[in-house]
2 protein chains.
Amino acid sequence: MDNRRRIVDSAKRMFWRNGYSTTSPKQVMADSGVGQGSYYHHFPSKTGLGKEVVDENGRDLLEAVQAAMAGLPTGRERLLAFLKSADSALEGCRVGGFAYDAGVLADPELQSSLRVAFTELADLLENVVREGQEDGSLPSSLDPVSTAAALLAVVEGAFILARATGQQSSADAATAGAKALLTGL
Amino acid sequence: MDNRRRIVDSAKRMFWRNGYSTTSPKQVMADSGVGQGSYYHHFPSKTGLGKEVVDENGRDLLEAVQAAMAGLPTGRERLLAFLKSADSALEGCRVGGFAYDAGVLADPELQSSLRVAFTELADLLENVVREGQEDGSLPSSLDPVSTAAALLAVVEGAFILARATGQQSSADAATAGAKALLTGL
DNA sequence: GTCTATACGTCGATAGAC
DNA sequence: GTCTATCGACGTATAGAC
């Protein structure tokens with residue numbers, strides 16, 4: 001069971017940084033140090049590994065966001081903490097890259113895992129918006145669902161801007177702009 | 001010169017919808033109806049075709065945004081028109097997908113073309129923010145650079161949300177949330 | 001569970017004739 | 001400019017021994 005974990009851990013990082021379709025089983029074997037026989041024993045198909053990776057990366061991201069928000073007193077502050085998710089944007093989002101991979105979208109199992117990951121993130125943010133409205137830190141005029149979606153989109157878009165321009169500062173500008181819009185209410 | 005154009009036109013659509021690294025020369029030949037000999041005569045390397053595609057898709061997008069804004073009286077209305085860019089988000093952004101393609105980022109020529117495309121879009125939006133401040137439709141307290149970056153990020157993120165969840169409505173929610181934040185100023 | 005060997009297609013391109 | 005033939009490497013596995 002130890003080699004299985006090594007495979008998943010390597011694939012999580014490689015699919016995240018280099019993409020699912022553009023990372024080969026052979027590269028995962030090399031990175032994890034696991035031999036071919038062992039690799040195919042644990043993961044007879046690439047889809048199986050991909051699904052496990054999307055699921056785990058989704059959970060990792062959700063937990064990271066929750067950890068970043070923990071202890072902050074108001075909903076508004078917790079939302080602003082979420083905007084910091086794009087602080088190392090050149091690495092790419094743990095799950096965002098899968099959404100532009102045709103090989104992922106063509107596979108119902110992977111698409112399904114991806115949808116769950118994004119839905120859970122959006123739900124979390126939506127609840128935080130509601131909490132902010134209850135604690136008085138956010139105006140009750142905001143629609144929780146679309147506000148949460150907009151903030152999630154800003155962060156995902158910030159990753160894209162940074163990678164497209166090659167500069168972290170592009171992501172920083174985007175989140176700063178969102179922060180200003182949110183605090184200028 | 002006619003076959004050359006056919007190749008570029010096919011590649012523009014296929015790289016856009018299916019990704020650069022995951023689309024092979026053979027697929028472009030099949031889609032364009034151009035034979036292998038002709039294909040490699042015009043584009044000896046995939047990088048050359050990729051660069052031309054990124055450049056043209058970037059220009060196409062810029063022109064589409066300008067056309068959508070044309071005739072609108074205030075800067076604020078022109079910005080809101082830009083948010084409609086994510087109206088067919090399941091197709092993906094004409095240029096956004098390249099930012100998550102490792103094969104693109106590893107190639108200095110492609111990375112450079114991509115950077116130009118995003119920079120030009122950001123510059124356009126930045127100018128529109130300034131115009132909105134001059135015509136009184138946007139508060140002068142906004143920072144044009146970061147506000148433009150945030151709006152561009154929302155739209156790019158909206159494409160990601162739609163593709164990840166498989167639903168256009170996810171993109172609509174994001175742009176609606178951004179619109180509310182922008183008009184609630 | 002892990003190993004080595006093998007399979008069969010595709011990728012991105014080159015060669016040489018017309 | 002376009003055609004067909006060919007190339008070496010890689011992608012995604014499968015087979016069968018240990």
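Every chain is numbered from 1, with letters handed out A, B, ... down the list of sequences.
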Are OP1 or OP2 of [N] and a side-chain N or O of [X] less than 4.0 angstrom apart?
X       : N      : answer
B:Asn3  : D:dT2  : yes
A:Ser24 : D:dG11 : yes
B:Lys46 : C:dG12 : yes
A:His41 : C:dC3  : no

Salt-bridge criterion met for [X] and [Y] (N-O under 4.0 Å):
X        : Y        : value
B:Arg94  : B:Glu63  : no
B:Lys51  : B:Asp55  : yes
B:Arg13  : B:Asp9   : no
B:Glu126 : B:Arg130 : yes

[X] has an atom [atom1]; how far is it from atom [atom2] of [N], in whole Å?
X       : N      : atom1 : atom2 : result
A:Lys26 : C:dT10 : NZ    : C1'   : 14 Å
B:Tyr40 : C:dG16 : OH    : C1'   : 17 Å
B:Phe43 : C:dT14 : CZ    : P     : 15 Å
A:Tyr39 : D:dG11 : OH    : P     : 11 Å
B:Met29 : C:dG12 : CE    : P     : 9 Å

Side chain of [X]: nearest nucleotide among [options]?
X       : options               : answer
B:His42 : C:dT2, D:dT2, C:dG12  : D:dT2
B:Ser38 : D:dC3, C:dC11, C:dA13 : D:dC3
B:Gln36 : C:dC3, D:dT12, D:dT4  : D:dT4

